[in-house]
Amino acid sequence: GEDFSDEKLEKIAQRLLNELIQSGLYDRKNTCISCWHCNEYESEAMWKLYSVNVTNAVAIETTYQRLYQALGEDPYIDIGKVKYIDYRKQFSNIGCGAFWYKRKSFEHEREVRALIRNYANSGTGISHPVNLDILITNVYVSPYAPEWFAEIVRDIVKKYGLNKPVLYSSMSDNPFY
């Protein structure tokens, strides 16, 4: 074997590090992610964080299995839960594995992601067929929405033949005292 000087080893290490960085940027540019909140109950914080105007927001309910089926059980789509870590103490992963990690401070999101790698992506996203009849189990109207908004949502669901329940968020229920 060839003996390497410290200087040559440093150059090789720097080249490998640059290749890893470029590979990560390439994967980031060519991976599209659909993000979902996974929880047994609704979250007021999620209503407020992910709607520009919480008085006219809707949420759809689905399951992991329904999401997979609605996306056509495509073997090129990965679906899984995000792991929340302290980046000062742990490495996330290299390449596409990094898409499954987020900072600990986002743990309240309880995120599930569907990842599609599309190396022909122009950077503006992709269009992928989704079977809404399989995907949607319920449509929830924001607890802050007026009744007229709920009626519009019901009309739209009916117009497009979804035949799915449109419910007010359970957060609008009066508690029992």
_Minimum-distance pair of heavy atoms, taken over all atoms of P146 and T55_ = CD-O, 3.5 Å
*Does atom CD of E73 have more than 12 heavy-atom neighbours from other groups under 6.0 Å away?*
yes
*asked:* Looking at every non-hydrogen atom in both residues, tell me the closest pair between I134 and A70 and how far apart they are.
replied: CG2-N, 3.8 Å
*Answer yes or no: does atom CG of N163 have more than 12 heavy-atom neighbours from other residues, nucleotides or ligands under 6.0 Å?*
no
_cation_pi(K104, Y84) dist<6.0 Å, angle<=45_ = no
*Is there a side-chain contact between L67 and L135, using heavy atoms and a 4.5 Å cut-off?*
yes
*Closest approach of L71 and H128, non-hydrogen atoms and distance?*
O-NE2, 3.2 Å
*Any donor-acceptor pair under 3.5 Å linking the side chain of Y168 with the backbone of A145?*
yes
*Mind checking whether L16 and E19 have side chains closer than 4.5 Å, heavy atoms only?*
yes
_Distance-minimising heavy-atom pair for V166 and A150_ = CG1-O, 4.4 Å
*Please answer whether the main-chain N or O of Y140 pairs with a side-chain N or O of S169 as donor and acceptor at a distance below 3.5 Å.*
no
_Please find the pair of heavy atoms, one from C38 and one from K81, that lie closest to each other, and give the distance._
SG-CE, 4.1 Å
_Full working for side chain to side chain contact (heavy atoms under 4.5 Å, CB included) between F149 and V58_ = CA-CA 10 Å; F149 181 75; V58 296; 3.9 Å; yes
*Student check: side-chain heavy atoms of I60 and W36 closer than 4.5 Å*: yes
*What closest approach, in Å, do Y50 and E109 show between heavy atoms, and which atom pair accounts for it?*
OH-OE2, 2.7 Å
*Lys/Arg-Asp/Glu bridge criterion (N-O < 4.0 Å) met for R113, D78*: no
_Rounded distance [0.5 Å steps], CG in L49 versus CD in E44_ = 10.0 Å
*Exam field: side chain E111 to backbone C35, donor-acceptor pair closer than 3.5 Å*: no
*Within 6.0 angstrom of R15 CZ, more than 12 heavy atoms from elsewhere*: yes
*Indicate yes or no: does R154 engage E147 in a salt bridge with an N to O separation below 4.0 Å.*
yes
*Does T31 offer a backbone N or O that forms a donor-acceptor pair with the side chain of R117 under 3.5 Å?*
no
_Side-chain donor/acceptor of Y64 to backbone N/O of I79, under 3.5 Å_ = yes
_Any residue meeting salt bridge (Lys or Arg N to Asp or Glu O under 4.0 Å) with K164, in chain and number order, not counting sequence neighbours_ = D133
*asked:* Grouping I, L, V, M, F, W and Y whenever their side-chain heavy atoms are under 4.5 Å apart, do W100 and Y76 come out in a common cluster?
replied: no
*Please check if atom CG in D6 has more than 12 non-hydrogen atoms from other residues, nucleotides or ligands closer than 6.0 Å.*
no
*Ignoring hydrogens and angles, tell me if any N or O in the side chain of S142 forms a donor-acceptor pair with the backbone of V54 under 3.5 Å.*
yes
